[in-house]
Amino acid sequence: MTARIRDYLRTRRESGDDTEALLVVDLDVVRDNYNTFAKTLPDTRVFYAVKANPAPEVLALLAKLGSCFDTASVPEIEMALAAGASPDRISFGNTIKKERDIARAFALGIRLYAVDCKAEVEKVARAAPGSRVFCRILSDCVGAEWPLSRKFGCEPSMAADVLEHAHKLGLEAHGVSFHVGSQQRNTNAWDRALAQAAAVFRECGDRGINLAMVNLGGGFPTKYLKNVPSVKSYGSAIFRALRRHFGNRIPETIIEPGRGMVGNAGIIEAEVVLVSKKSEDDDVRWVYLDIGKFGGLAETMDESIRYPIRTPRDGGETGPCVLAGPTCDSADVMYEKQPYALPVSLEIGDKVLIEGTGAYTSTYAAVAFNGFAPLKTVHI
Ligand SMILES: *Cc1c(COP(=O)(O)O)cnc(C)c1O
């Protein structure tokens with residue numbers, strides 16, 4: 001936790017304003033993260049994945065620092081524009097777009113689109129003629145704590161056909177993209193994907209289409225309970241893989257960090273609503289917080305992301321707890337299969353700090369499930 005967040009939370013407590021869970025994001029940490037990405041991968045353009053935290057304060061800061069933006073919808077495009085990014089610094093990176101949204105993006109000046117099949121290419125060709133497209137290829141996401149399934153991307157063997165189709169329809173076949181899975185703790189995950197990307201470059205080259213760009217996606221981790229490699233080790237692993245697969249004809253590259261840009265910048269202060277047992281001789285206590293899966297902690301789904309949790313009673317004896325949210329849905333349980341060790345002295349009313357919550361929390365909160373308001377958020 002940064003000194004600025006600690007001071008902010010102390011002031012809030014002293015003013016008695018701490019009645020609801022709150023996410024506090026320290027913009028200085030976001031600035032440091034951006035500078036680290038820019039310095040570590042100097043030949044790569046940074047497209048911040050807006051969905052990770054679309055707060056106007058975050059977008060305005062990143063726009064000022066020179067970042068580009070990866071967006072998934074017209075509202076995200078409009079937010080990036082409102083933050084001060086020019087259209088040439090914005091990509092429409094969702095492979096699943098309504099044709100009328102592509103037309104709207106085109107009218108707003110967006111000229112860079114993701115595709116992963118011929119039908120999507122045809123939409124872009126009609127609604128955004130002459131634009132650049134990159135084809136997303138599937139990735140197996142091995143090593144990722146939040147893998148991305150087969151929903152996005154095509155088999156690498158199909159990508160050249162998709163890009164050739166784009167070329168024939170008057171689009172600029174610009175390159176290849178992939179995402180190695182979110183919270184990717186293996187720095188070598190990019191190697192296999194880059195081998196496949198290089199094969200698509202060769203196949204397109206044989207067909208007379210010269211691709212220029214590889215979009216290396218996101219996946220850069222935030223430190224939760226386990227340690228993660230530094231951005232520097234990701235940078236050197238990626239550079240080695242580029243050299244291995246592209247030789248001395250290294251393409252233009254972009255990265256799309258989301259979690260790695262904002263995850264460690266945020267902390268949620270929450271309150272213990274209830275501590276109970278299901279029978280007198282249970283070893284495991286149930287701890288209910290005023291935030292859960294519907295209040296912003298959706299990434300605890302399948303217990304994938306395990307957040308570090310600090311309590312005012314740390315240091316003493318701990319015991320296993322099931323950790324749950326406050327709503328009346330039985331799915332609103334965060335950690336049960338693998339119980340969470342918390343101090344045995346933890347009490348109703350205690351404030352707990354959930355760390356590493358700057359990404360994928362605020363906009364994941366339900367609008368009013370059970371009447372609970374969406375997660376309150378402040379950027380300092
Ligand atoms: C979500 C997303 C990202 C960001 O992923 P992180 O793992 O948070 O870095 C990047 N690119 C695309 C296309 C995405 O959908």
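What you see is a predicted model; the values in this text were computed from it and never measured. Every number for a ligand or one of its atoms is a count from 1 in the order of the listing.
- If you chain together ILVMFWY residues whose side-chain heavy atoms come under 4.5 Å of each other, Ile96 ends up grouped with Phe152.
- Contacts of Ala199 classified as side chain to side chain contact (heavy atoms under 4.5 Å, CB included), with partners at least two apart in sequence or in another chain: Arg202.
- Salt bridge annotation for Asp88-Arg111: absent, with no cationic side-chain nitrogen under 4.0 angstrom from a carboxylate oxygen.
- Aromatic ring pairs are classed by plane angle as parallel below 30°, tilted from 30° to 60° and perpendicular above 60°; the pair Phe69 and Tyr48 is perpendicular.
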May I have the list of side-chain donor-acceptor pairs in residues 370-380 shorter than 3.5 Å, sequence neighbours left out?
unit_1 : atom_1 : unit_2 : atom_2 : d
Asn370 : OD1    : Cys328 : N      : 2.6
Thr377 : OG1    : Leu375 : O      : 3.4

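- Ion pair Asp28/Arg4 flagged as a salt bridge, since at least one NZ, NE, NH1 or NH2 atom sits closer than 4.0 Å to an Asp/Glu carboxylate oxygen.
- For ligand 1, residues of the protein lying within 4.0 angstrom by heavy-atom distance are Ala49, Lys51, Asp70, Arg136, His179, Ser182, Gly218, Gly219, Glu256, Pro257, Gly258, Arg259, Tyr360.
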